[in-house]
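A quick write-up on the structure given underneath.
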Amino acid sequence: MNYIILALLFILSGFFMKYSDDLYDVNHERNISTFLGLICGLASVAATLYNVDAAYIFISLLIGNIIVFKVDGIHHIVALIVFLAVLLIVGIPNLSLLILLICILGIIGDEIGHELIPNMTENRFLNFFFEYRFVMKIVVLLLALCGVFNIWIFVCFILFEVSYVGAGIVFEIYN
């Protein structure tokens, strides 16, 4: 398995996920954000089909964000439709429901914590922990350490997160 290709797909997905979101939310730019959402959806589904461990991460991101009502723009809807359409055509990977549920709960914990914790406490550790969504990072690391995921998936997920944060920085610099 070529983890360089997988790492690039994670990077592309993370970057375009955040950049499209900022374009839509801040600049109210529908066209470019929709196009970047399309790229995000393609990169995410390519990773999902390329590696079953990645499938857990991207499918749980999709389900978790739907559950917490974070699919809130045309860019998200386009990414969702592309992701689901390709999976329905090619086939959904065979996944353990327990592992998928663990990942979904990690995503939900991150998203809820990200929204609520800054309003509930001034604790610097908790604010940092949820600002950078560490619940899922810990979940993926533990699954890798337990042998459920390959450790390279954890590395790829960290690259996804770094590119996500990087996209936010790039957006702030150029907008």
Side-chain angles (χ1 to χ4, degrees), residues 1-96 99-100 103-104 106-108 110-111 114 132-133 136-137 139-140 143-144 149-150 152-175:
M1 180 97 11
N2 190 341
Y3 285 100
I4 294 173
I5 292 171
L6 193 59
L8 289 172
L9 292 171
F10 270 82
I11 290 167
L12 290 171
S13 178
F15 186 88
F16 290 119
M17 186 178 293
K18 177 63 173 167
Y19 205 85
S20 69
D21 207 30
D22 284 352
L23 274 176
Y24 186 84
D25 291 344
V26 177
N27 290 4
H28 309 290
E29 171 55 59
R30 291 177 55 122
N31 295 331
I32 297 171
S33 67
T34 300
F35 177 72
L36 297 180
L38 172 72
I39 294 172
C40 173
L42 289 171
S44 300
V45 78
T48 296
L49 295 172
Y50 193 75
N51 180 281
V52 71
D53 295 350
Y56 284 106
I57 292 170
F58 286 107
I59 291 172
S60 67
L61 275 167
L62 174 73
I63 295 170
N65 279 293
I66 289 171
I67 290 171
V68 297
F69 304 109
K70 289 289 196 151
V71 179
D72 59 0
I74 187 69
H75 61 297
H76 289 150
I77 294 167
V78 166
L80 171 85
I81 290 170
V82 167
F83 189 89
L84 289 176
V86 172
L87 278 186
L88 290 173
I89 292 167
V90 177
I92 299 171
N94 188 18
L95 303 175
S96 160
I99 301 303
L100 185 60
C103 292
I104 291 168
I107 295 296
I108 291 171
D110 273 340
E111 292 302 329
H114 183 77
Y132 292 101
R133 296 172 169 95
M136 188 62 174
K137 290 176 188 70
V139 166
V140 174
L143 289 170
F149 289 172
N150 186 302
W152 288 109
I153 288 302
F154 175 70
V155 173
C156 288
F157 187 63
I158 295 301
L159 291 171
F160 169 91
E161 293 288 336
V162 168
S163 68
Y164 183 92
V165 170
I169 293 168
V170 168
F171 180 82
E172 286 183 22
I173 291 171
Y174 293 106
N175 286 293

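Note that these values count all heavy atoms, side chains included, but never hydrogens, waters or copies made by symmetry.
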message: Under the rule for salt bridge (Lys or Arg N to Asp or Glu O under 4.0 Å), what residues qualify as partners of Glu161, not counting sequence neighbours?
response: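 Glu161 satisfies salt bridge (Lys or Arg N to Asp or Glu O under 4.0 Å) with Lys137 once adjacent residues are dropped.
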Side chain to side chain donor-acceptor pair (under 3.5 Å) partners of [range], not counting sequence neighbours, each pair once:
{"range": "residues 53-71", "result": "Lys70-Glu115"}
{"range": "residues 76-91", "result": "Asp21-His76, Asp72-His76"}
{"range": "residues 29-49", "result": "Ser13-Ser44"}

Can you tell me how far the [atom1] atom of [X] sits from the [atom2] atom of [Y], to the nearest 0.5 Å?
{"X": "Leu159", "Y": "Leu6", "atom1": "CG", "atom2": "CG", "result": "10.0 Å"}
{"X": "Leu143", "Y": "Cys103", "atom1": "CG", "atom2": "SG", "result": "5.5 Å"}
{"X": "Arg133", "Y": "Tyr164", "atom1": "CZ", "atom2": "OH", "result": "4.5 Å"}

If you look at every heavy atom in [X] and [Y], which pair is closest and at what distance?
{"X": "Ala55", "Y": "Leu95", "answer": "CB-CD2, 4.1 Å"}
{"X": "Pro93", "Y": "Val52", "answer": "CB-CG2, 4.4 Å"}
{"X": "Gly168", "Y": "Lys18", "answer": "N-CG, 3.6 Å"}
{"X": "Ala43", "Y": "Leu12", "answer": "CB-CB, 4.0 Å"}

List the residues meeting side-chain contact (heavy atoms from CB on, under 4.5 Å) with [X], not counting sequence neighbours, and say none if there are none.
{"X": "Phe171", "result": "Tyr19, Asp22, Leu23, Val26, Asn27, Asn175"}
{"X": "Ile39", "result": "Phe16, Phe35, Leu36"}
{"X": "Ile89", "result": "none"}
{"X": "Ile108", "result": "Ile67, Val68, Ile104, Ile112"}

- request: Begin from the C-alpha positions of Tyr3 and Asn150 and carry the test side-chain hydrogen bond (donor to acceptor under 3.5 Å, both in side chains) through to its verdict.
  value: CA-CA 10 Å; Tyr3 285 100; Asn150 186 302; 3.3 Å; yes
Is there side-chain contact between [X] and [Y], with heavy atoms separated by less than 4.5 Å?
{"X": "Leu62", "Y": "Leu84", "answer": "yes"}
{"X": "Val45", "Y": "Val90", "answer": "no"}
{"X": "Val140", "Y": "Phe149", "answer": "yes"}
{"X": "Ile57", "Y": "Phe10", "answer": "yes"}
{"X": "Cys156", "Y": "Ile11", "answer": "no"}

message: Holding to ring-ring contact (aromatic ring centres under 6.0 Å, His included), I want the full list of residues that pass it with Phe83, two or more places apart in sequence or in another chain.
response: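 By the ring-ring contact (aromatic ring centres under 6.0 Å, His included) rule, Phe83 matches no residue at all.
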query: Quick one: ring-ring contact (aromatic ring centres under 6.0 Å, His included) partners of Phe154, sequence neighbours excluded?
result: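 So Phe154 forms no ring-ring contact (aromatic ring centres under 6.0 Å, His included) with any residue.
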- request: Take Leu87 and Leu49, measure what side-chain contact (heavy atoms from CB on, under 4.5 Å) needs, and give me the verdict at the end.
  value: CA-CA 8 Å; Leu87 278 186; Leu49 295 172; 3.7 Å; yes
task: Using the six-membered ring wherever Trp is involved, compare the ring planes of Phe160 and Phe58 and label them parallel, tilted or perpendicular (cut-offs 30° and 60°).
output: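 Plane angle over 60°, so perpendicular.
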